[in-house]
Amino acid sequence: MANDTVTERTPGPAEPGPEPGGELGDSVDGSGRPGSPADSADPAGPAIGDPVGTTTAPADPDAPDVPERHRAPVIRFALAVGRTFARDMVVFFSVPVRELRTRKLMAIPCTLLCVLTIGILWILELNRPHGLAFVLDVAGVRQGEPIWKLLPQLPLSLFAPAPDLPAWGAMTQVLIAFGIAECWLGWKRMIMIAMITSAVTSMAARVMVYASNWLHIGTPQIDNFQVDTGPSVAVVSLLIYLALRLRTYWVVALTAVSMGGEAAILPNLAGREHLVAISLGIITYFLLDRWWPAWKRRRIQRATSD
């Protein structure tokens, strides 16, 4: 009979049949498909059930071969240099920036006084001939002068503008270098190092003049009558000392290379004095930060051991 006949029909869209390969014993993932890693990998993106994309796409055979082994050392070296330079700059300027933000100009009162002194001497020099003669009498150091006349001029020679440098350049140097050193060291140590360096450098220039007269080495004879003033030697010495103290060796390298290049390009008295100032900055660091604390520690140890 027709009603008793059971006919088989193909499954429709609403009735999915068994998937190929879904036999007994096959592992099935949460999506209902066989859970083999090869089946779940999709080159176009992360597979279903792998939302973080841990499955790596197969390499493209047509992609160009980049020789990374040749560029990687150069890139690593450049990154290391950039990191050390940025680190040194951050360390060197951290305290001055903080002090200026909190205390404003009251953080560098001695520096502002030094800048004002340079400005006053510059204005006096502009009032020729009387003002220039006065500045030369009180601060115009010349190596050919007698020693008794040179010594009273040494303190103010630090602030008298150099003849080969505009006054605004000297004021800018002092404002930056002296300001940074005052924020780190305090005004007493800063001005002490600056004045002692300026005086010792002038004495070293005088020794070079004597060496030129007797041994025919050193500075030319015309340097005996050149006006030897300006704060540049104190600026160099302070930068070298402070950079060594903070271990910001990029500042040491930049200062030494620039001053050494100046001495090589312009072999005059100022260039030689800048080299002396670099040496004095290094000596000051070892005296104040290495030898003196070590001597004090040994003295305390001897006192406590007795």
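Keep in mind it's a predicted model, so treat the numbers as computed, not measured. Values below: all heavy atoms of this structure, side chains included; hydrogens, waters and symmetry mates excluded.
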*Roughly how far, to the nearest 0.5 Å, is the OG atom of S202 from the CD atom of Q143?*
6.0 Å
*asked:* Can you tell me how far apart SG (C110) and CD1 (I191) are? Round to the nearest 0.5 Å.
replied: 4.5 Å
*May I have all residue pairs that pass salt bridge (Lys or Arg N to Asp or Glu O under 4.0 Å) and include part of residues 99-118, sequence neighbours excluded?*
E99-R103
*Please confirm whether the backbone N or O of L275 pairs with a side-chain atom of S279, one donor and one acceptor, at under 3.5 Å?*
yes
*Measure from the side-chain N and O atoms of Q153 to the backbone N and O of V138, and report whether any donor-acceptor pair falls under 3.5 Å.*
no
*Would V115 and V233 show up in the same hydrophobic cluster when neighbours are defined by side-chain heavy atoms closer than 4.5 Å?*
no
_Using a 3.5 Å distance criterion without hydrogens, assess whether the side chain of D289 forms a donor-acceptor pair with backbone atoms of R245._
no
*Counting only heavy atoms not in R87, do more than 12 sit closer than 6.0 Å to its CZ atom?*
yes
*Which other residues end up in the same hydrophobic cluster as L154, if Ile, Leu, Val, Met, Phe, Trp and Tyr are linked when side-chain heavy atoms come under 4.5 Å apart?*
V141, I147, L150, L151, M203
_Side-chain hydrophobic cluster, 4.5 Å single linkage: members besides W122_ = L126
*Without swapping roles, check the side chain of T201 against the backbone of E273 for a donor-acceptor pair under 3.5 Å.*
no
*Could you tell me whether the side chain of S94 reaches within less than 4.5 Å of the side chain of W184, counting heavy atoms only?*
yes
